[in-house]
**Q** 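Here it is, the structure, as C-alpha cells.
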There are 2 protein chains.
Amino acid sequence: MRPKITLKQIAKELDVSISTVSKALRDSPEIGEDTKEKIKAFAKFYNYKPNNIALSLKNRKTKTIGIIIPEIVHHFFTTVISGVEKVANELGYNVLVCLSDNSFDKEVLNMEMLANGSTDGFIMSLAKETMQKGDYHHLVEAINQGMPLVLFDRVIDEITCDKVIIDDVNGAKKAVQHLIDIGCKKIALISTVDYVSVGKLRTKGYKTALKDNFFNVDESLILKIEEMDESEAEIERFLKDKDIDGVFAVNEHFAISAIKAIQENGKKVPDDVSVIGFTDGELSKRFIPSLTTVSQHGTRMGEEAARMLIEKLENTPAEDEKYKTIIVETGLVTRNSTKS
Amino acid sequence: MRPKITLKQIAKELDVSISTVSKALRDSPEIGEDTKEKIKAFAKFYNYKPNNIALSLKNRKTKTIGIIIPEIVHHFFTTVISGVEKVANELGYNVLVCLSDNSFDKEVLNMEMLANGSTDGFIMSLAKETMQKGDYHHLVEAINQGMPLVLFDRVIDEITCDKVIIDDVNGAKKAVQHLIDIGCKKIALISTVDYVSVGKLRTKGYKTALKDNFFNVDESLILKIEEMDESEAEIERFLKDKDIDGVFAVNEHFAISAIKAIQENGKKVPDDVSVIGFTDGELSKRFIPSLTTVSQHGTRMGEEAARMLIEKLENTPAEDEKYKTIIVETGLVTRNSTKS
DNA sequence: TTGTAGGCGTTATCAA
DNA sequence: TTGATAACGCCTACAA
C-alpha cells in the first residue's frame, strides 16, 4: 500500500522547497529547466495528483454540483441525472446525488448537508411534500448564501432562479389535439391533484385543447389522483362503464392502468378507446400495446440545467442577476395505443 | 446576500479568539458558561455551520462515497443507488455518482477524478469494456492508495476486495426448476456472451437445473446475444418455428422480446410457452402478461455494499485485511407469463 | 532561479 | 478560562 503523495513529500525527497515543486509541476517559467525535469519525472513516477480537497479549500469552490430529486427509481429523473452528469463531466464537475424521497424534511437536511461546502450549486426538483407545505426557506437560504440554484420540472413561482421546465400545457394540448384529430369525441383526463404543478398545467392544456375545438369540458370525465398507491384501483373505478373513446393520462403509470381497466371492461385499445400518456419511459416503449406518449426529453433538461448552473458558477456576480427559464419542448411519440 | 459565516468572523465580531469560538460551539467544558452562551447565540443567529471542506482536509476524510456504474438508465442500477444512498445518508455520508457509459476510459477517468480526495472509497459495477479488456490497473491503484473498494454485480475474481453479488447460478436454477415443475419439457435459454459474468453464471444455473432433472442440454436451444441493439431481431430469428414450451431469459428485455416473438409465431404465453426473466423491474410488473422473474433486490445489494464500505472506512487498518463476499439471495416472483 | 510566508476553515495541543 | 500556534495540502505574492 502506497498512500497518495503530496507536494511536501516530493519537496523533502528532492530537497527543494514546496513552492518550487508546485511551480515546476505547473510548468512555471520561473523554474530552471533541469529542476523542472527532475521534479516532473519524480512526480510522474509517484503518480502525483493534486488533492482536490485542498484545492477546494483554497479556491473556495468544489467543482461539484449537487442534484436533489424526489426519487431516483423513476425513469424520468434518471434520464435527467444522466444529462446533468454528461455536461458536468465534460466541464470538469462532479455530481453529488441526493434523494428527498418526496419528504420535506429530507430535502432540507440534504440541502444543508451539501450547502456547507460540499457543493458549488444545486439542481433540484422539489419534493411533493415541499410543494404542499409551500415552505421554501431552505431554497431562499441557499440563494442568500450565494449558491446558484436551478429548478427543473417541479418548479415554483415563489423562488426567483434559473428554471428548466417542459411545456406542460402545450404538451398536453398536443396530446389532446391528437386524440381529437383521430376522431375522439369523449376524452377523459387522468391527472394528479392540483398542487402538483405539472398536474395543474397538464389539466390546463387538456381544457384548452377541448375549448379550442369547441368541445365542452365535462368535469365528470376528469379524475384527480391523490394517492399514488391507490391509483390503479381508483382508475378502474373511474373508468368502469364510462362512455369514452379517448384517455389522456398525465403519466405512464396512469396510462397503463387505464389501458388495463379499459380492457377489463371488454373494450379494445386502440380500436374502441385511444390512450395517450405523458413521460416517455421504457414502459411506454415496451408495453403491449406500446404507448403513444408525450415525451419529456429528460436528458435534454438535465443538460440544460447543468449548463445554466455552471454558467452561473463561472461568471462574475455582476452578470448573475438575470434568471432564465428554459422551456424544453415536448414531442408526441405515436405508437400503438392510439388509432392512426 | 449573506455569505456563509466562519469561525474567524464570529471571533472577530465577539472579540474573542478563534479557538475559543471553536471550543464553545463544540460545548467544551474549558469555556465559561456565559461566553459559551453568547457565542452559541451569535452562531445560531448567523446560522453557522462548519465548512465540510475544511473538515475534510483536517480529518483526511471526506465522508462521501463514490459510486461508479455503467449506466443509470437501467432500473437495476437505479435501485442499487437508492440502497446505497439510504444507508450512506443514515450514516452521515454523501454519495457521488459517476457513470462510465460502459466505457473503460471513462471508468478510469472517473476513478482518477474521485480518487484525488473527493471520496473515501468506491462502490462500483464494472463497465462491459473493462471486463472485455481485462485491464484492472485502476482498481489496483485505488486499493494501493488505501481506498476501500466494494464491487457489486459485475465483479471479477482478479481483484481482491469486498463484493456483493447475487446468487446468479442459484437464481437461474430456481427459475428453470420452476419451469420444469410446471411441466415444461423443452426449455430455451436466452443469454449473453460469456465474458459478461452474469451471462455465464446464469447459463450454468440453467444447465445444472436441467441435469439435476435428467434432461439433456440441447445447445440448439441456447442463444447468446452479442449486441444489445440487435437483440430483438436475433431473438425473433432464434425462436422462429422452434419447438419449445419454456423460455428462460437472463434479463427483462430478452424476456419481453421473447414473448413478442412467441406471440408473433401464433403461440400463446403462458398457455403454449411459459417465460421467465431475470431482474425484477417496472417493466416486468406492468407488461401484459406481467412477467414471472427472478428478482435481484438491487436496493438490498446497494445497502449491503454501502454498509461494507463504511465499515472498512471506519475501522482501523488492522482489521481491514479480511474481505467478504456477500451473496444476496434471489427470489422468484410468479406472475402471468408462466402457467400455474 | 529558488525559497519564505500567509491564507483557505477547522481542530488539537499547549501555554498563559 | 482563554488564546496562540501548528497542521491538513495547496497556491501565490513577494523576498532573497
Side-chain angles (χ1 to χ4, degrees), chain A residues 3-40 42-43 46-64 113-120 145-147, chain B residues 3-40 42-43 46-64 92 114-120 145-147:
Chain A
K4 288 212 66 75
I5 196 169
T6 68
L7 284 188
K8 199 187 201 173
Q9 293 167 37
I10 300 184
K12 194 159 77 181
E13 289 300 322
L14 262 38
D15 209 42
V16 290
S17 82
I18 296 180
S19 63
T20 304
V21 179
S22 173
K23 285 172 188 163
L25 292 177
R26 330 197 87 237
D27 211 32
S28 154
E30 292 181 44
I31 307 295
E33 276 309 323
D34 35 354
T35 345
K36 260 201 254 187
E37 284 300 297
K38 194 179 60 176
I39 293 178
K40 279 186 183 170
F42 190 89
Y46 282 99
N47 191 25
Y48 170 80
K49 295 270 165 50
N51 179 315
N52 283 333
I53 295 293
L55 286 180
S56 295
L57 186 58
K58 173 135 251 300
N59 303 328
R60 270 95 150 290
K61 54 172 98 169
T62 62
K63 285 276 195 176
T64 98
M113 203 155 165
L114 300 195
N116 301 321
S118 301
T119 317
D120 294 339
Q145 287 179 12
M147 308 199 70
Chain B
K4 289 211 66 76
I5 196 168
T6 68
L7 285 188
K8 198 187 201 174
Q9 293 166 39
I10 300 184
K12 194 160 81 180
E13 289 299 322
L14 261 39
D15 208 42
V16 289
S17 82
I18 296 180
S19 57
T20 304
V21 177
S22 174
K23 285 172 187 163
L25 291 178
R26 331 198 85 239
D27 212 30
S28 153
E30 292 181 43
I31 307 296
E33 275 312 320
D34 34 353
T35 346
K36 260 201 254 188
E37 284 300 296
K38 194 179 59 177
I39 293 178
K40 280 186 182 170
F42 190 90
Y46 282 98
N47 192 27
Y48 169 81
K49 295 270 167 48
N51 178 316
N52 284 333
I53 295 292
L55 287 180
S56 295
L57 186 59
K58 176 135 247 307
N59 303 329
R60 272 100 149 290
K61 53 173 99 170
T62 62
K63 285 278 195 174
T64 97
L114 300 194
N116 300 321
S118 301
T119 317
D120 294 338
Q145 287 179 14
M147 307 200 70

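Only a predicted model underlies this, so the values are computations on that prediction, with no experimental measurement involved. Residue numbering restarts at 1 for every chain, and letters A, B, ... go by the order of the sequence lines.
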**Q** Hey, where on DNA chain D does chain B first and last touch, going 5' to 3'? Cut-off is any atom under 4.0 Å from a heavy atom.
**A**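 Result: D:dT1 to D:dG9.
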**Q** To 10°, what angle do the rotation axes through the five end pairs on each side of the helix from C:dT1-D:dA16 to C:dA16-D:dT1 form?
**A**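 So the angle between the two local helix axes works out to 60°.
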**Q** Restricting to side chain to side chain donor-acceptor pair (under 3.5 Å), what partner residues turn up for B:Glu30, sequence neighbours left out?
**A**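 In terms of side chain to side chain donor-acceptor pair (under 3.5 Å), with neighbours along the sequence ignored, B:Glu30 is linked to B:Lys23.
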**Q** Excluding sequence neighbours, so at least two apart, what forms side chain to side chain donor-acceptor pair (under 3.5 Å) with A:Thr20?
**A**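 If we apply the side chain to side chain donor-acceptor pair (under 3.5 Å) test to A:Thr20, skipping adjacent residues, the hits are A:Ser17.
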**Q** C:dT11 C1' sits how many Å from B:Lys61 NZ, rounded?
**A**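 Rounded to the whole Å, the gap is 14 Å.
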**Q** From CG of A:Asp27 over to P of C:dT1, roughly how many Å is that when rounded to an integer?
**A**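 Roughly 13 Å, once rounded to whole Å.
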**Q** With sequence neighbours left out, write down each residue that passes side-chain contact (heavy atoms from CB on, under 4.5 Å) with A:Ser118, or none if nothing qualifies.
**A**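 A:Ser118: side-chain contact (heavy atoms from CB on, under 4.5 Å) contacts with A:Leu96, A:Leu114, B:Asn52, B:Asn94.
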**Q** With the threshold set at under 4.0 Å for non-hydrogen atoms, list the residues of residues 5-13 of chain B touching DNA chain D in residue-number order.
**A**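 The stretch gives none, as no residue of it lies under 4.0 Å from the strand.
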**Q** If the condition is side-chain contact (heavy atoms from CB on, under 4.5 Å), which residues does B:Lys12 pass it with, not counting sequence neighbours?
**A** none
**Q** My understanding is that only residues two or more places apart in sequence, or in another chain, count here; which of them pass ring-ring contact (aromatic ring centres under 6.0 Å, His included) with A:Phe42?
**A**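 Partners of A:Phe42 under the ring-ring contact (aromatic ring centres under 6.0 Å, His included) test: A:Tyr46.
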**Q** Between the protein and nucleotides 13-16 of chain C, are there any N/O to N/O pairs under 3.5 Å, and if so, what are the atom names and distances?
**A**
from: C:dT13; atom 1: O4; to: B:Lys23; atom 2: NZ; distance (Å): 3.4

**Q** How would you list all residue pairs meeting side-chain hydrogen bond (donor to acceptor under 3.5 Å, both in side chains) that involve residues 54-63 of chain A, not counting sequence neighbours?
**A**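 Passing the test, one end in residues 54-63 of chain A: A:Thr62-A:Asp120.
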**Q** Examine distances only and state if a side-chain atom of B:Lys36 and a backbone atom of B:Ser28 form a donor-acceptor pair shorter than 3.5 Å.
**A** yes
**Q** Within this structure, what is the CD1-to-P distance between B:Ile18 and C:dT11, rounded to whole angstrom?
**A** 11 Å
**Q** A:Leu25: which residues meet the side-chain contact (heavy atoms from CB on, under 4.5 Å) condition with it, sequence neighbours left out?
**A**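 With sequence neighbours excluded, A:Leu25 shows a side-chain contact (heavy atoms from CB on, under 4.5 Å) to A:Leu7, A:Val21, A:Ile39, A:Lys40, A:Ala43, A:Tyr48, given in chain and number order.
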**Q** The criterion is salt bridge (Lys or Arg N to Asp or Glu O under 4.0 Å); which residues satisfy it with B:Glu13, sequence neighbours excluded?
**A** none
